[in-house]
Amino acid sequence: MTPHTQDLRPLSPDRQCLAELLAARHTDEVECALGDFSSLARGKRLRAADFIAGLGCRMPTVTLGMGLTGGSPMEVFGSILPQAYTDMQLVPDTTTLRRRPGRRREATVLCEPAGQWHAPRYGRLLQAAELSPRAALRRVLQAYEAQGLAVKAAPEMELFLLQRRPDGGLSSASPWRDAPVQESACEQYSLERTSHFDAYFDELYGAADTLGIALAGHLHEAAFSQFEVNFHPGEPLAQADAVFRFKRLAREVAARHGFLASFAAKPFLDQPGTGMHWHFSVQRLGADWPHLFARPDGRSSPELLHFLAGLQAGGPAAMAWAAPHDMSFDRVRHSDSSPTHADCGEDDRHAAFRIPASDAAGRRVENRLPGGDANPYLVVAATLALGLDGLQAGQPARAGRDAAPPLPRSLPAALDALAGSAALRRWFGDPLIDLFVALKRHEHQERQGVPDPRQAWDLRHLVELA
């Protein structure tokens, strides 16, 4: 049985449990949120009684076939997705039910799609969950559990705080409305500039607490008006949920303060890009020495090198998920510590896969490939799936950039690598890979059809939606 075809433990909310949860929170309204391939939150708000009665809500299957701008590749309808835009169920994961920040009697909950339809492209019934990035991550984590392994993950999110100029260009944000206070040169690590945005970050941290997002701190990063926010380590699915929710939250809070929070990968060609770096450690369940990546004497273990070898082998194909837009490759081509090869190194911030300096218990791998515009579920799922392949193959990592596989330098090349990846198809299934590739090729063609695509497509759409 391949990882993709193994039974996925379904989400199975209980009506009485839902009623008790909402009553305890004095909830009148519930927001059902579904993360799509672009990691936008799509869904529906409904009255609590209707949410309980329906064990979630209904949404049209066309939702799964929508790109970042709302456009769809028509060839997927009638082949992968239903031609008639039939309904599917959004099934809530009750462990993610939280009060919606700023909305005293409203809750928000993360959902996965359920339902089935005949998919002529594959000649069989297709389950909606096969097209869910979140469900794909849950499958990978089940495979780790079956091997007696557990994972800890900690993300680092970079973002820009920006304002649009009258000519459509971008500038650094002013922290106060109508105040002539604006960063004109990079003030990297500046506490003074960071303190100008105290009101924004205070509200952001408070809202994150409401959603159960454990933030550890923030600082001014290496580009003007750029900040990095660090998360405490946690279970991978919860961490991917946290990043999915955090991106939306950061944008919403910024809008209330009169500026934009952007996770676009490279809004300024002459400034460093926006990263989404992930730290991973693996533990053996029930072992006297649980830390898989290190020996008790402090040396790195062979398993660490095997894990890295899996990431190197699959890195070129996984790049389509780490860099899902044309602008994403500006971050690679105009590199400021952004990897160009699937190399690894001890405490090397130019490497794709870094081994940070640490004691034995803290030994971990940092995946530095993803940009801020990446889907957190797909990034985490691909990293862990490829790492487990490496552990099972038992091959050593290739040291040095010259020995490491080069990464794609454009979105079409990355999509070709993903489409041809036997390893990722084995883990994630043909339907998810094929639909993702079709959506991103459609966005690429949409972008190619406008003059000056960086200005007219990238800066128009990605600054606020990536």
Side-chain angles (χ1 to χ4, degrees), residues 3 133-134 136-158 214 216 228 230-244 246 275-285 287 289-295 300-315 318-319 321-322 339 342-349 351-372 374-393 397 423-424 427-428:
R134 190 176 191 273
L137 175 54
R138 290 204 295 121
R139 280 195 185 90
V140 173
L141 294 174
Q142 279 186 196
Y144 271 77
E145 184 181 339
Q147 296 292 320
L149 301 173
V151 183
K152 289 290 185 183
E156 299 171 350
M157 293 294 299
E158 295 171 352
E228 179 181 277
N230 304 122
F231 293 59
H232 284 293
E235 186 274 331
L237 180 62
Q239 295 293 72
D241 286 342
V243 168
F244 169 68
F246 175 82
M276 178 199 292
H277 300 160
W278 284 87
H279 295 251
F280 297 98
S281 63
V282 181
Q283 293 78 41
R284 299 182 185 91
L285 296 173
W289 176 257
H291 309 293
L292 188 69
F293 288 165
R295 293 169 168 165
S300 292
S301 68
E303 288 83 357
L304 173 60
L305 299 180
H306 301 332
F307 188 92
L308 288 167
L311 300 189
Q312 289 184 316
M319 195 66 180
W321 288 341
D343 54 343
C344 58
E346 295 273 355
D347 209 21
D348 181 359
R349 283 185 166 82
F353 310 114
R354 170 179 171 245
I355 307 167
S358 71
D359 60 13
R363 193 64 42 81
R364 62 194 185 276
V365 172
E366 180 188 10
N367 184 351
R368 295 179 60 82
L369 288 182
N375 181 303
Y377 299 109
L378 294 176
V379 164
V380 175
T383 304
L384 296 181
L386 294 170
L388 190 55
D389 277 351
L391 289 172
Q392 293 171 344
L424 292 181
W427 274 102
F428 298 100

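These numbers come from a predicted model, not from an experiment.
- Every ring-ring contact (aromatic ring centres under 6.0 Å, His included) that Phe246 has, sequence neighbours left out, goes to Phe231.
- His306 meets the ring-ring contact (aromatic ring centres under 6.0 Å, His included) test with no other residue; sequence neighbours excluded.
- Taking SG of Cys344 as the reference point, atom CG of Leu311 lies at 9.0 Å (rounded to 0.5 Å).
- In this structure, His291 has no side chain to side chain donor-acceptor pair (under 3.5 Å) partners at least two apart in sequence or on a different chain.
- For the side chain to side chain donor-acceptor pair (under 3.5 Å) test, residues two or more places apart in sequence or in another chain that qualify with Arg363 are Ser300, Ser358.
- Counting only residues at least two apart or on different chains, the salt bridge (charged side-chain N to carboxylate O under 4.0 Å, His left out) pairs with a member in residues 302-315 are Arg284-Glu303.
- The side chain to side chain contact (heavy atoms under 4.5 Å, CB included) check on Ala216 picks up Asn230, His232, with sequence neighbours excluded.
- Listed by chain and number, the residues in a salt bridge (charged side-chain N to carboxylate O under 4.0 Å, His left out) with Glu366 are Arg354, Arg368 (sequence neighbours excluded).
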Stepwise side chain to side chain contact (heavy atoms under 4.5 Å, CB included) check, His277 with Leu369: CA-CA 7 Å; His277 300 160; Leu369 288 182; over 6 Å; no
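- The nearest pair of heavy atoms linking Ala240 to Tyr377 is CB-CD2, 3.5 Å.
- The closest side-chain heavy-atom distance from Leu308 to Ile355 is below 4.5 Å.
- Residues satisfying the salt bridge (charged side-chain N to carboxylate O under 4.0 Å, His left out) criterion with Arg295, sequence neighbours excluded, are absent altogether.
- Considering only residues two or more places apart in sequence or on other chains, Ala360 meets the side chain to side chain contact (heavy atoms under 4.5 Å, CB included) condition with Trp289, Ala294.
- Counting heavy atoms from C-beta outward, Leu384 and Phe280 have side chains that approach closer than 4.5 Å.
- Side chains of Glu156 and His279: a donor-acceptor N/O pair is present below 3.5 angstrom, by distance only.
- Considering all non-hydrogen atoms of both residues, Ala154 and Pro233 come closest at CB-CA, 3.8 Å.
- The minimum heavy-atom distance between Leu388 and Ala143, with the atom names listed, is CD2-CB, 4.0 Å.
- Counting heavy atoms from C-beta on, the side chains of Trp427 and Leu386 never come closer than 4.5 Å.
- Taking OG of Ser281 as the start and CZ of Phe307 as the end, the distance is 9.5 Å to the nearest 0.5 Å.
- Note that OG1 of Thr383 is 4.0 Å distant from CG of Asn367, once rounded to the nearest 0.5 Å.
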Show your reasoning for whether side chain to side chain contact (heavy atoms under 4.5 Å, CB included) applies to Phe428 and Arg139. CA-CA 9 Å; Phe428 298 100; Arg139 280 195 185 90; over 6 Å; no
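- Pairs engaging residues 145-154 under the side chain to side chain donor-acceptor pair (under 3.5 Å) rule: Arg9-Glu145 [sequence neighbours left out].
- What you find for Val379 and Ala374 is that their closest heavy atoms are CG2-CB, 3.6 Å.
- Asp389 is linked by a salt bridge (charged side-chain N to carboxylate O under 4.0 Å, His left out) to Arg426, counting only residues two or more places apart in sequence or in another chain.
- By the side chain to side chain donor-acceptor pair (under 3.5 Å) test, Asn375 pairs with no residue at all, sequence neighbours left out.
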